[in-house]
Number of protein chains: 2
Amino acid sequence: MRTVKEAEERKNEILDAAEELFVTKGYDKTSTGDILDKVGIARGTLYYHFKSKEDILDAMIERISASMMVRAKAEAANTELSVIERIIRSVMSLKLQSPIGDEILQQVHKPQNALMHSKMQKNMIDSVVPLLAGLVEEGVKQGIFDTPYPFYAAEMIIVYSEFAFDEEQDRTQEELMTGIQAFIHNTEKILGAESGSLTQPMMMFFSQSDR
Amino acid sequence: MRTVKEAEERKNEILDAAEELFVTKGYDKTSTGDILDKVGIARGTLYYHFKSKEDILDAMIERISASMMVRAKAEAANTELSVIERIIRSVMSLKLQSPIGDEILQQVHKPQNALMHSKMQKNMIDSVVPLLAGLVEEGVKQGIFDTPYPFYAAEMIIVYSEFAFDEEQDRTQEELMTGIQAFIHNTEKILGAESGSLTQPMMMFFSQSDR
DNA sequence: TATATTAGACCGACAGTCTGTCGGTTAAAA
DNA sequence: TTTTAACCGACAGACTGTCGGTCTAATATA
């Protein structure tokens, strides 16, 4: 009746269960008991592998974040595309293809999940900003951007996009459209890019991908 | 042995105690029992006035936020100052003179207090952005700014400043200085202001106020 | 091949803490 | 005297993390 597995395997089983529960029910409302039931293990086993509930959350975020960065880095390294295209694709790779489901992400942004949300956000920003900063620098060298602060330009863009395109912000379709236009406009200004130089590739991206 | 008070008075006593505890110990680590002890009332009394612990948090944030907005609005309405000065002073009034203590705010930004932090942030942004947007519009009319999106310009500036000047970001003194310069630069770009037009009043502000 | 040993994985009862409820009590106004 | 708003504290229910002990499978030993 007792199944023994390699630590890594069990850990992943636990993380799988936790991820689904945290994301559907929320972190606070998921009890360690829920995870126990889902995985089919005893209390002691959970705490043998993780030192606390929050430890599970951290590991889960680490896992998600790592897989997202693989995608983003791949997009950023694709030298066949222009710098602007690479920026758009690597930033978008974080928004769209969420590692989990799709609309489930709405749950992440409920006030209850503040801890999960802020941890994911921090983790994401920490890893994406340097990536984007590199692309911006490249753009500056190529003469298509003009800013003395590539890093902080990247930071401001990422931080704001993280906020503005959160599901939590309940804006109408129209507000969202204006918001996107404004975002593009402001981004061009911050990067010191020519007016409209981002609009074109952006539209192309959106028209080729479904949503 | 039993003291009866007006509901409003008790509520404020509870909020006073909660505010100090939440801010020093953190929201999660403060138990309702702690609040009970501090105020010197019984469990039932607390739940007579507030429907849950989170309800207390919300009320507390409402109270803080309201008092902050009074200051910010006063600065924004002071027509003796230039638009740029009013922007600086109203935004700064949120950062500096925190309604609580000073360095205590560090606590607010620990991961534990994610709920409190995000609620305060959301509340703040919701109320400050429209205020700042008004000032930006005024600047556009006066010809010192140039942007087709005053509201979103304001939003981007506030959201980013909220993030960048969080105590949580542990940056060196030097990084902070470059960060501020970059922030000013980017802000000028977003507002379509002349290069350097923000730097001057900003310096003046910092030199006259101690910190 | 058969048996003993060991270490890592696992179990579940339990202590301790916390939130929110509820029936009942008291002080002060009507 | 009655009524009502404020107050009390015991208690139910839930949850997290701990701990002593158990099992399994790999390895060592005979």
Side-chain angles (χ1 to χ4, degrees), chain A residues 1-61 107 110-116 119, chain B residues 1-61 107 110-116 119:
Chain A
M1 226 28 245
R2 170 187 279 203
T3 0
V4 176
K5 300 189 176 176
E6 296 257 322
E8 268 319 295
E9 196 181 345
R10 257 291 129 81
K11 274 195 177 185
N12 272 316
E13 278 183 21
I14 294 171
L15 288 181
D16 290 341
E19 187 168 309
E20 186 173 333
L21 288 166
F22 287 170
V23 155
T24 49
K25 300 181 56 172
Y27 174 73
D28 282 354
K29 290 205 170 161
T30 299
S31 73
T32 49
D34 293 338
I35 301 175
L36 265 31
D37 292 346
K38 184 143 194 156
V39 184
I41 54 174
R43 237 180 149 59
T45 308
L46 183 75
Y47 283 90
Y48 174 75
H49 293 288
F50 295 94
K51 79 178 220 295
S52 69
K53 188 182 166 188
E54 191 172 346
D55 192 32
I56 299 176
L57 178 64
D58 289 337
M60 178 199 110
I61 289 175
Q107 181 66 29
K110 287 193 181 167
Q112 302 305 340
N113 299 2
L115 183 61
M116 178 165 43
K119 284 197 172 190
Chain B
M1 225 27 247
R2 170 187 278 202
T3 1
V4 176
K5 300 190 176 175
E6 295 257 320
E8 269 318 296
E9 195 180 346
R10 258 291 129 79
K11 274 195 176 184
N12 272 316
E13 278 183 21
I14 294 171
L15 289 180
D16 289 341
E19 187 168 310
E20 186 172 334
L21 287 167
F22 287 171
V23 154
T24 49
K25 300 182 56 173
Y27 174 73
D28 282 353
K29 289 203 169 163
T30 299
S31 73
T32 49
D34 293 338
I35 300 175
L36 265 31
D37 291 348
K38 183 143 195 155
V39 184
I41 54 173
R43 244 191 138 55
T45 308
L46 183 75
Y47 282 90
Y48 174 75
H49 292 288
F50 295 94
K51 79 179 220 294
S52 69
K53 189 182 167 189
E54 192 172 346
D55 192 32
I56 299 175
L57 178 64
D58 290 337
M60 177 199 111
I61 289 174
Q107 181 65 30
K110 287 193 180 167
Q112 303 304 340
N113 300 2
L115 183 61
M116 178 166 40
K119 284 197 172 191

statement: Of all heavy-atom pairs linking Ile56(B) and Phe22(B), the shortest is CG2-CE1, 4.3 Å
Ile35(B) CD1 - dC8(D) C1' separation (whole Å): 17 Å
query: If you look at every heavy atom in Ala18(A) and Ile35(A), which pair is closest and at what distance?
result: CB-CD1, 4.1 Å
task: Might you confirm whether atom CD of Glu9(B) has over 12 heavy atoms from other residues, nucleotides or ligands at distances under 6.0 Å?
output: yes
message: Quick check on dA6(D): is either OP1 or OP2 less than 4.0 Å from any side-chain nitrogen or oxygen of Thr45(B)?
response: no
Any donor-acceptor N/O pair, Asp34(B) side chain to Ser31(B) backbone, under 3.5 Å: yes
message: Taking side-chain contact (heavy atoms from CB on, under 4.5 Å) as the criterion, tell me which of Arg43(A), His49(A), Lys51(A) meets it with Tyr47(A).
response: Arg43(A)
Look for any protein N or O under 3.5 Å of an N or O in nucleotides 19-22 of chain D and output each such pair with its distance, or none.
| from | atom 1 | to | atom 2 | distance (Å) |
| --- | --- | --- | --- | --- |
| dT22(D) | O2 | Arg2(A) | NH1 | 2.9 |

message: Please report the distance, rounded to the nearest Å, between CG in Asp37(A) and C1' in dG12(C).
response: 13 Å
statement: Nearest heavy-atom contact between Ala59(A) and Leu15(A) is CB-CD2, 3.9 Å
- prompt: Between the side chain of Lys53(A) and the main-chain N/O of Thr30(A), is any donor-acceptor distance below 3.5 Å?
  reply: yes
message: What is the distance, to the nearest angstrom, from the CG atom on Leu46(A) to the C1' atom on dA9(C)?
response: 13 Å
query: Got Thr45(B) and Val39(B) here, is their nearest side-chain heavy-atom distance under 4.5 Å?
result: no
field: Whichever of Gly40(B) and Glu54(A) has its nearest DNA chain D nucleotide further upstream toward 5'
entry: Gly40(B)
Nucleotide dG17(D), atom C1' - distance to CG of Asp28(B) in whole Å: 16 Å
- line: NZ of Lys119(A) to OH of Tyr27(A), rounded to nearest 0.5 Å, is 7.0 Å
query: Quick one: Leu36(B) CG to dC18(C) C1', roughly how many Å, whole number?
result: 12 Å
query: With respect to the phosphate group of dT19(C), does any side-chain polar atom (N or O) of Thr32(B) fall under 4.0 Å of OP1 or OP2?
result: yes
message: Considering every strand and a 4.0 Å limit on heavy-atom distances, what is the contact class for Ile41(A): base, sugar-phosphate, or nothing?
response: sugar-phosphate
Strand-adjacent residues in residues 4-16 of chain B, judged by heavy atoms under 4.0 Å from DNA chain C: Val4(B)
task: Look at the side-chain N and O atoms of His49(B) and state whether any lies under 4.0 Å from the OP1 or OP2 oxygen of dA5(D).
output: no
Nearest-Å distance for atom pair CZ/P, residues Phe50(B) and dC7(D): 12 Å
- prompt: So does Tyr48(A) get a side-chain nitrogen or oxygen closer than 4.0 Å to the phosphate oxygens (OP1/OP2) of dC10(C)?
  reply: no
Length of the line joining Lys53(B):NZ and dT17(C):P, which is rounded to integer Å: 15 Å
